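One structure, as structure tokens, below. Some questions next.
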Amino acid sequence: DIKNEIKKGFNIKIISSNNYDINFNKNIFFSDLVDLFNKKQKIEDRSKERNKNMLQKHIFKSVDKIGLNNIDAEDIKKAIIKIDNDGKSDTAKRVFSLVCRIFDFAVTFNYMKKNPIKDIQVSFLVSKSKKTNFNHTTNQKELAKILNNIDNLESNIVVKYALKILPYLIIRPSNLRNMKWSDIDIDKKIWEIKANEMKKKHDHIVPLCKTAIDILNKMKEINKNSN
């Protein structure tokens with residue numbers, strides 16, 4: 001009933017004696033909104049945590065003490081420009097996109113009346129990204145030297161085997177860290193990575209060459225009791 005809604009902090013606008021427009025504008029801050037947004041997101045917890053950390057670093061100081069409907073586009077623009085001025089144009093774009101989605105969520109669920117940055121083009125605020133090619137080699141002699149250095153590496157044996165097998169799998173290091181013996185079929189010479197462990201959420205089949213299988217067998221001898 002209406003009295004209970006008022007006690008909960010909802011703003012009630014009476015349209016007529018029999019019709020009420022309930023606007024669910026609780027007194028929450030941007031950090032609260034981020035938590036509500038994350039609860040609705042169907043992504044991995046580590047991705048939610050990474051996004052929240054990014055917002056804490058770049059946005060919270062600018063807007064978190066301001067009521068949601070008092071957040072102005074200028075507050076967000078200043079934060080985005082600051083990120084760009086620090087030489088992080090890609091980060092600035094990611095932050096802007098994430099904040100815009102959070103504001104859209106807020107409007108959808110009546111936490112905000114409007115998205116203050118809906119009509120802003122982030123490309124006008126940030127500089128053009130410079131493409132950076134990461135160091136790599138296609139020279140066979142250099143590659144052989146790298147592999148030999150790994151063979152002679154004095155390190156934890158598991159780390160050493162992980163470095164040795166990585167060139168034969170062409171996968172992300174994070175996938176290798178999360179490898180499970182139950183996902184490996186030695187007879188079929190494949191490793192099946194489940195969709196929930198992949199960035200694009202599709203099952204991924206990795207073929208295993210003889211060298212990779214030999215390394216895996218050695219790793220299994222070391223980690224007999226590990227999954």
Side-chain angles (χ1 to χ4, degrees), residues 37-58 83-84 86-98 101 126-227:
F37 174 78
N38 276 338
K39 287 180 182 178
K40 290 283 185 179
Q41 293 296 289
K42 295 180 179 179
I43 58 176
E44 294 182 1
D45 288 341
R46 60 185 177 183
S47 296
K48 294 178 182 179
E49 185 178 354
R50 183 170 59 247
N51 286 342
K52 185 171 181 177
N53 288 340
M54 183 168 63
L55 293 171
Q56 285 177 328
K57 182 177 181 180
H58 300 294
I83 301 170
D84 183 60
D86 289 338
K88 300 176 181 177
S89 58
D90 287 336
T91 300
K93 292 174 184 176
R94 285 196 296 271
V95 171
F96 183 89
S97 176
L98 180 58
R101 286 171 55 214
V126 302
S127 54
K128 190 174 181 180
S129 303
K130 293 181 180 179
K131 291 186 177 180
T132 302
N133 292 320
F134 294 99
N135 292 331
H136 64 283
T137 181
T138 56
N139 184 286
Q140 290 185 0
K141 289 183 178 180
E142 290 181 357
L143 185 57
K145 184 178 179 180
I146 292 171
L147 296 177
N148 285 331
N149 287 339
I150 292 174
D151 282 336
N152 298 321
L153 182 67
E154 294 182 5
S155 178
N156 178 286
I157 191 65
V158 175
V159 173
K160 184 173 181 177
Y161 280 141
L163 290 172
K164 289 183 70 172
I165 200 172
L166 196 55
Y168 298 99
L169 302 180
I170 318 298
I171 47 93
R172 291 185 174 88
S174 59
N175 292 127
L176 184 61
R177 289 198 304 272
N178 295 319
M179 175 189 278
K180 299 179 181 65
W181 295 118
S182 58
D183 295 336
I184 297 171
D185 191 323
I186 296 295
D187 294 331
K188 292 182 180 180
K189 299 180 180 180
I190 60 170
W191 168 26
E192 182 178 358
I193 306 176
K194 298 295 188 294
N196 64 345
E197 296 179 2
M198 295 299 296
K199 187 175 182 179
K200 294 188 177 180
K201 304 303 177 186
H202 296 299
D203 289 342
H204 183 61
I205 304 297
V206 181
L208 300 173
C209 66
K210 183 180 182 302
T211 303
I213 290 173
D214 289 343
I215 296 171
L216 285 172
N217 285 331
K218 290 176 182 178
M219 291 176 72
K220 197 162 189 177
E221 284 298 314
I222 298 170
N223 294 309
K224 290 182 179 179
N225 299 321
S226 173
N227 61 1

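Owing to the predicted nature of the structure, the values given are computational and were not obtained by experimental measurement.
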Shortest non-hydrogen separation from Arg101 to Phe37 and the atoms involved: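 Heavy-atom minimum between the residues: NH2-CZ, 3.7 Å.
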
Working to the nearest 0.5 angstrom, can you tell me the gap between Asn51 CG and Gln41 CD?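 The CG atom of Asn51 sits 8.0 Å away from the CD atom of Gln41.
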
Might you work through the side-chain contact (heavy atoms from CB on, under 4.5 Å) test for Asp214 and Lys210, ending with a clear yes or no? CA-CA 6 Å; Asp214 289 343; Lys210 183 180 182 302; 3.1 Å; yes

Are any side-chain N or O atoms of Asp84 and backbone N or O atoms of Ser127, one a donor and one an acceptor, separated by less than 3.5 Å?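 Judged by distance alone, yes, a pair lies under 3.5 Å.
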
Should Leu163 and Val159 count as side-chain neighbours, where that means a heavy-atom distance under 4.5 Å?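 Leu163 reaches Val159 side chain to side chain.
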
Please tell me whether Thr91 and Arg94 have a donor and an acceptor in their side chains that are separated by less than 3.5 angstrom.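 Thr91 vs Arg94: donor-acceptor pair found between side chains.
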
Any non-hydrogen side-chain atom of Lys52 less than 4.5 Å from a side-chain atom of Leu55?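 They are not in side-chain contact.
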
State, with a plain yes or no, whether a side-chain heavy atom of Phe96 is found less than 4.5 Å away from one of Val126.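 No, their side chains stay 4.5 Å or more apart.
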
So do the side chains of Trp191 and Leu169 get within less than 4.5 Å of each other, counting heavy atoms only?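 With C-beta onward as the side chain, the pair touches.
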
If you draw a 6.0 Å radius around NZ in Lys145, do more than 12 non-hydrogen atoms from other residues or ligands fall strictly inside?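 At most 12 heavy atoms, drawn from other residues, nucleotides or ligands, come within 6.0 Å of this atom.
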
Atom NZ of Lys160: over 12 foreign heavy atoms under 6.0 Å: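 Correct, the count exceeds 12.
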
Between NZ on residue Lys42 and NZ on residue Lys48, distance to nearest 0.5 Å: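 Going from NZ on Lys42 over to NZ on Lys48, the span is 10.5 Å.
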
Can you tell me how far the CG atom of Leu166 sits from the CG atom of Leu176, to the nearest 0.5 Å?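 Reported value, rounded in 0.5 Å steps: 6.0 Å.
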
For the atom pair CD1 (Ile213) and CG (Leu208), what is the distance rounded to the nearest 0.5 Å?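 Separation between the atoms: 5.5 Å.
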
Output the distance between atom NZ (Lys164) and atom CD1 (Ile215), rounded to the nearest 0.5 Å.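 Spacing of NZ (Lys164) from CD1 (Ile215) equals 5.5 Å.
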
Using every non-hydrogen atom in the two residues, find where Lys218 and Tyr161 come nearest and quote the distance to one decimal.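 Result for this residue pair: CD-OH, 3.6 Å.
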
Under 3.5 Å donor-acceptor, Asn156 side chain and Val158 backbone: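 The answer is yes, because a donor-acceptor pair under 3.5 Å joins these two groups.
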
Sub-3.5 Å donor-acceptor pair from the side chain of Asp203 to the main-chain atoms of Lys194, do we have one?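 A pair under 3.5 Å: no.
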
Is any side-chain heavy atom of Glu192 closer than 4.5 Å to a side-chain heavy atom of Asp185?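 Glu192 does not reach Asp185 side chain to side chain.
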
Can you confirm whether more than 12 heavy atoms, excluding those of Glu49, are under 6.0 Å from its CD atom?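 Atom CD in Glu49 is not crowded, with 12 or fewer foreign heavy atoms closer than 6.0 Å.
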
Any donor and acceptor pair, going by atom type alone, linking the side chain of Asn178 with main-chain N or O of Ser174 inside 3.5 Å?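 Side chain of Asn178 to backbone of Ser174: a pair is present.
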
Enter the distance from Asn38:CG to Ile43:CD1 here, rounded to the nearest 0.5 Å.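 Result: 6.5 Å between the selected atoms.
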
